[in-house]
2 protein chains.
Amino acid sequence: MKQTDITRLVPLVRRRVRLLKGDTLYRPGDDAHTIYAVRAGTIRTSMCTAGGRNHVVAFHLPGEIVGLDSVAHATHTCEATALEDTSLCVIPSAALKAQAAQLTSLRDRLLEAFSLEARRERDQAIVLGQMTAEERVATFVLGLSARLSARGFAASEFLLRMTREDIGSHLGLKLETVSRIFSRMAGAGMIRVRSRHLTILDRVKLEDVTKGHSPLPQRAAVALL
Amino acid sequence: MKQTDITRLVPLVRRRVRLLKGDTLYRPGDDAHTIYAVRAGTIRTSMCTAGGRNHVVAFHLPGEIVGLDSVAHATHTCEATALEDTSLCVIPSAALKAQAAQLTSLRDRLLEAFSLEARRERDQAIVLGQMTAEERVATFVLGLSARLSARGFAASEFLLRMTREDIGSHLGLKLETVSRIFSRMAGAGMIRVRSRHLTILDRVKLEDVTKGHSPLPQRAAVALL
DNA sequence: CGGGAACTTGAATGGACTCAATTTAGGTGG
DNA sequence: CCACCTAAATTGAGTCCATTCAAGTTCCCG
């Protein structure tokens, strides 16, 4: 919602950055002087585990904030990459902090943004800890839909800017599992997927899957084109 | 570390609370005017999922903060329960915010605390998303050890204040799995567990398990008392 | 239009779960 | 203080969901 949209309150935008698909915004270890607000496009943040596996931490949609942890830390721990051509506002975190010293409203917004970040991560931990693969994918699709529609995009028809592997990594699943579940949900008439183009056909059924009711049949009841 | 110990910087502690084992500090929906610093004891925070399952969000050890999200939100979303007799400092969040308006240092501490919270949750998401059961349990044990020793408690010998079910819920595992893995780690000479009493015998091996090297044998190589 | 990445689908495997039976620990009242 | 009683923990056997491995297809991008 609006809470993440710090941009409105901040006349601190010094400059803009444009990234091409595949470009890296920052890497682990990079100095972190700034936070970014996504104007258009999509950013994927990811991390390596101690064991060397990769984990997609989040996808950042237009209007959302990237690199919030840099307000309190000197270096980045994630890698941030553009999944499509992306434009961002650059907000120096020092200036943000200085301004926050003056403005109560900005201070509150900043706390809210952090709080929301912590809550998102916590919710994700619950998704990963308690849900089956089907529930995770359904939750992911509905979550994307909600965030996009909050920004004025279509709620029920959108492009997945990330690969199945990205989705899988974010949800703690393998790419094949994500693909299979998309197919099953399509077979059950909940969604339509044609490669990256996704349409939500039955939101209610999807929400049921989210809650662990109505497990999907292994094979589609009806064959779809 | 010290970052979480807001208490030192805050002369705002109005009063203290004492809880008996099993007492609830707050429930979802309760008004959230305050944050708490654990003086002694252990607090477990947990949430219900949409599907009705329960998830243990975190365990809060002495010196750590409980209810940080109440700084930015009106009501609690978690339930906080004492796992043993526990005493807490009560810090009104309004007073905290007012004081933060004046003091740069406190403001920075507050941001750090939030940032740390977000990072903890993110790390937990990686644990849940990318790790096997063995890696999760090993990570949990080492994490507890590190946090306890940072507070001056013994690093290699401590009591688990939570049940196997609590641990399982926190790690996205069933209690039987937690129990089995404790037994396997004991069989491999990494730890010793006698009910709630845990001793770390070989930290290096445990760290290897954390990284996904050296999977544990199904059956103990040597039978231990 | 060619080539490589991304995706789909199948079959077989395996790790964590379920169900179930004991054992152990901890708290309570006689 | 001990016997009891319930909650917690351990262990085994069988099952199932997600993974692995593999083959084939589709989609992009140049």
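Within every chain, numbering begins at 1; the chains are lettered A, B, ... in the order of the sequence lines, protein sequences first and strands thereafter.
For B/R180, the listed nucleotide lying nearest its side chain is C/dT18; candidates were C/dC7, C/dT18, D/dA22. Nearest to the side-chain atoms of A/T163 among the listed nucleotides C/dC7, C/dT8, C/dA20 stands C/dC7. Residue A/T177 has its side chain nearest to D/dT19 when only C/dT8, D/dT10, D/dT19 are considered. In this structure, of C/dA16, D/dC29, C/dT9, it is C/dA16 that holds the atom nearest to the side chain of B/A133.
Between the P atom of C/dC17 and the CG atom of B/L171 lies a distance of 11 Å, rounded to the nearest Å. One atom, NZ of B/K174, and another, P of D/dC17, lie 14 Å apart when rounded to the nearest Å. Rounded to a whole Å, the CG atom of A/L160 is 15 Å from the C1' atom of C/dT8. Note: CD (B/E135) to C1' (C/dA16) measures 14 Å, nearest angstrom. Rounded to an integer number of Å, the gap from B/I181 CD1 to D/dT10 P is 12 Å. One can place CZ of A/R184 at 9 Å from P of D/dC17, the figure rounded to the nearest angstrom. In this structure, B/L198 atom CG and D/dA9 atom P are separated by 12 Å, rounded to whole Å. Spacing between atom CZ of A/R164 and atom P of D/dC27 amounts to 11 Å, rounded to whole angstrom units.
In this structure, the side chains of B/L171 and B/M131 stay at 4.5 Å or more apart for every pair of heavy atoms. Under the 4.5 Å side-chain criterion, counting only non-hydrogen atoms from C-beta, B/L198 is not in contact with B/L159. B/I35 has its side chain within reach of B/L68: a pair of non-hydrogen atoms, C-beta onward, lies under 4.5 Å apart.
Within the nucleic acid shown, B/S179 comes within 4.0 Å of at least one base atom, counting heavy atoms only. Among the heavy atoms of the strands lying under 4.0 Å from A/G172 are primed sugar atoms or P, OP1, OP2 only; no base atom is included. Nucleic acid contact for B/L175: base, since at least one base atom lies under 4.0 Å from a heavy atom of the residue.
A residue-by-residue look at B/K21 and B/V178 shows that B/V178 has its nearest nucleotide of DNA chain C further toward the 5' end.
Regarding contacts with the backbone of D/dC28, a side-chain N or O of A/S195 is found under 4.0 angstrom from either OP1 or OP2.
Contact annotation: side chain of B/R196 to base of C/dG26, donor-acceptor pair absent below 3.5 Å. With hydrogens and angles ignored, a donor-acceptor pair closer than 3.5 Å exists between the side chain of B/E176 and the base of C/dC19.
The pair B/E135-A/R53 counts as a salt bridge, with a side-chain nitrogen and a carboxylate oxygen less than 4.0 angstrom apart.
Relative ring orientation between B/F114 and A/F114 is described as tilted, the plane-to-plane angle lying within the 30° to 60° band.
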